[in-house]
Number of protein chains: 2
Amino acid sequence: MVEYQSPHLDAVFHALSDPTRRAMLHRLSGGEQSVSQLAQPFDMSLAGASKHVKVLEGAGLVSRRVDGRTHYCRLEAARLAEAQAWFRYYERFWSNRLDALQAILEAEDRESSAGRD
Amino acid sequence: MVEYQSPHLDAVFHALSDPTRRAMLHRLSGGEQSVSQLAQPFDMSLAGASKHVKVLEGAGLVSRRVDGRTHYCRLEAARLAEAQAWFRYYERFWSNRLDALQAILEAEDRESSAGRD
DNA sequence: CAGTTAGTCAACCTAATGGTTTACTTTTTA
DNA sequence: TAAAAAGTAAACCATTAGGTTGACTAACTG
């Protein structure tokens with residue numbers, strides 16, 4: 001039995017498990033974006049995109065500033081840092097190992113060819 | 001529209017979004033475990049735990065070796081490394097920043113108090 | 001002031017999740 | 001050889017997820 005679960009990590013990893021949301025985060029890495037701007041690249045209703053933003057917000061990965069009728073979203077990197085920290089425990093299994101390095105490079109390669117994932 | 005999604009990342013982050021599965025991974029960081037051994041700490045049927053193992057396996061985070069009637073599971077760290085690599089792009093938002101460091105430390109603290117999360 | 005734009009909310013739908021139980025196969029053990 | 005143990009598979013159930021549409025509010029713009 002797990003004494004202490006981390007709903008924080010649950011929410012963050014769940015938010016990251018969707019490609020649309022990862023793409024939105026990538027978009028936000030370039031600076032503030034309105035909900036409409038975030039929605040624009042996707043073949044999806046605004047309401048649908050708005051739900052994704054809410055999931056990101058709920059996970060603490062994004063914050064929102066309302067100006068008039070426009071909602072500006074900002075990346076909250078601290079939560080990402082927190083999630084990355086989860087991996088630190090497991091790093092001993094791959095740091096200094098060549099095959100894992102290769103996995104990382106391959107992943108980065110895939111990422112750059114994806115453009116916004 | 002996203003040209004290239006990564007079903008890989010989808011599956012890995014989804015697998016990590018469940019506390020039971022994160023606890024199983026933590027357990028496996030100590031070495032091979034049978035499905036029953038993995039299931040034992042949880043208040044859950046063996047079939048339920050077996051499903052979680054399958055999700056981890058499907059995400060490539062765990063591999064399986066069958067010996068007689070026993071299925072031994074092993075951590076596949078390369079996939080974890082790959083997931084961690086996803087964060088590397090965002091690191092520029094927090095590396096060398098004190099508040100993010102604090103977030104990491106807090107996360108690690110929570111982790112150690114959790115014991116197996 | 002009328003119309004458009006930004007966005008949310010609620011209702012709805014379908015598919016996937018996380019769990020159960022029961023049945024089954026295979027292997028081990030008494 | 002009979003019973004128990006390890007595990008999967010299938011059927012089922014309730015809840016969540018990801019999407020839609022339509023109605024609504026609030027704020028710009030002409």
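All heavy atoms count here, side chains included; hydrogens, waters and symmetry mates do not. Chain A is the first sequence line, chain B the second, and so forth, proteins listed ahead of strands; every chain is numbered from 1. This structure is a prediction, so every number in the text was calculated from the model and none was measured.
R69(B) pairs by the salt bridge (Lys or Arg N to Asp or Glu O under 4.0 Å) definition with nothing, not counting sequence neighbours. Contacts of S45(B) classified as side-chain hydrogen bond (donor to acceptor under 3.5 Å, both in side chains), with partners at least two apart in sequence or in another chain: none. Partners of T70(B) by side-chain hydrogen bond (donor to acceptor under 3.5 Å, both in side chains), not counting sequence neighbours: none found. For the side-chain contact (heavy atoms from CB on, under 4.5 Å) test, residues two or more places apart in sequence or in another chain that qualify with Q33(B) are R27(B), L28(B), Q37(B), L38(B).
Taking the six-membered ring for Trp and the full ring otherwise, the centers of W86(A) and Y90(A) sit less than 6.0 Å from each other.
Per the geometry, NE2 belonging to H14(A) stands 14 Å off P belonging to dA16(C), to the nearest Å. Between the CE atom of M24(B) and the P atom of dG18(C) there is a distance of 12 Å, rounded to whole Å. In this entry the distance linking CG of D10(A) with C1' of dT17(C) reads 13 Å, nearest Å. Here dG19(D) presents its P atom at 10 Å from CG of D43(A), a figure rounded to the nearest Å. As a whole-Å value, the separation of D18(A) CG from dA15(C) P is 18 Å. Whole-Å rounding puts the L16(A) CG to dA17(D) P distance at 14 Å. In this entry the distance linking CD of Q40(B) with C1' of dA6(D) reads 15 Å, nearest Å.
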Could you give the side-chain donor-acceptor pairs of residues 47-58 of chain A under 3.5 Å, partners two or more places apart or in another chain?
{"residue": "H52(A)", "atom": "ND1", "partner": "R21(A)", "partner atom": "NH1", "Å": "3.1"}
{"residue": "E57(A)", "atom": "OE1", "partner": "R64(A)", "partner atom": "NE", "Å": "3.2"}
{"residue": "E57(A)", "atom": "OE1", "partner": "R64(A)", "partner atom": "NH2", "Å": "2.7"}
{"residue": "E57(A)", "atom": "OE2", "partner": "R64(A)", "partner atom": "NE", "Å": "3.1"}

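Of all the residues in residues 67-74 of chain B, G68(B), R69(B) reach under 4.0 Å from DNA chain C with at least one non-hydrogen atom. Contacts between residues 44-59 of chain A and DNA chain D, counted as heavy-atom distances below 4.0 Å, involve M44(A), S45(A), A47(A), G48(A), K51(A), H52(A).
Ring pair H26(B)/Y89(A) is parallel by interplanar angle, where below 30° counts as parallel and above 60° as perpendicular.
Closest of all the heavy-atom pairs between H14(B) and S17(A) is N-CB, 3.5 Å.
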